[in-house]
Amino acid sequence: MVKGTPLAPDSVVLSADEAAQLSDRVYQVRCAAEDVATALEEGADGSELRELCDALMRAAKAADGWR
């Protein structure tokens with residue numbers, strides 16, 4: 001516990017705005033991953049898959065940047 005609070009010492013506290021932004025970035029990663037999966041199922045060519053993977057990587061890097 002952090003002295004004077006019910007929080008554990010390793011707790012991370014986000015403002016409502018920060019939590020919403022993080023949630024949005026995670027949602028973007030999920031959508032990008034779904035786009036890749038759909039493209040694979042539909043037989044997309046290599047260049048389309050490369051573009052979708054690039055978008056997925058950008059979304060993942062943005063989501064990872066909250067720290």
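Keep in mind that the numbers below use all heavy atoms, side chains included, and drop hydrogens, waters and symmetry copies. Residues: numbered from 1 along the sequence shown.
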Quick one: list whatever passes salt bridge (charged side-chain N to carboxylate O under 4.0 Å, His left out) with Asp24, sequence neighbours left out. none
Take Asp54 and Arg50, measure what salt bridge (Lys or Arg N to Asp or Glu O under 4.0 Å) needs, and give me the verdict at the end. CA-CA 6 Å; Asp54 289 345; Arg50 177 76 261 164; 2.9 Å; yes
Tabulate below the donor-acceptor pairs under 3.5 Å that side-chain atoms of residues 33-48 make, not counting sequence neighbours, or state none.
from  : atom 1 : to    : atom 2 : distance (Å)
Glu34 : OE2    : Arg30 : NE     : 3.2
Thr38 : OG1    : Glu34 : O      : 3.0
Asp45 : OD1    : Ser47 : N      : 3.3
Asp45 : OD1    : Ser47 : OG     : 3.1
Asp45 : OD1    : Glu48 : N      : 2.9

Pairwise distance CG(Leu56) to NZ(Lys61) - rounded to 0.5 angstrom: 11.0 Å
Which heavy atom of Leu14 sits nearest a heavy atom of Glu18, and at what distance? CA-OE1, 3.4 Å
Going only through I, L, V, M, F, W and Y residues with side-chain contacts under 4.5 Å, is there a path from Met57 to Val26? no
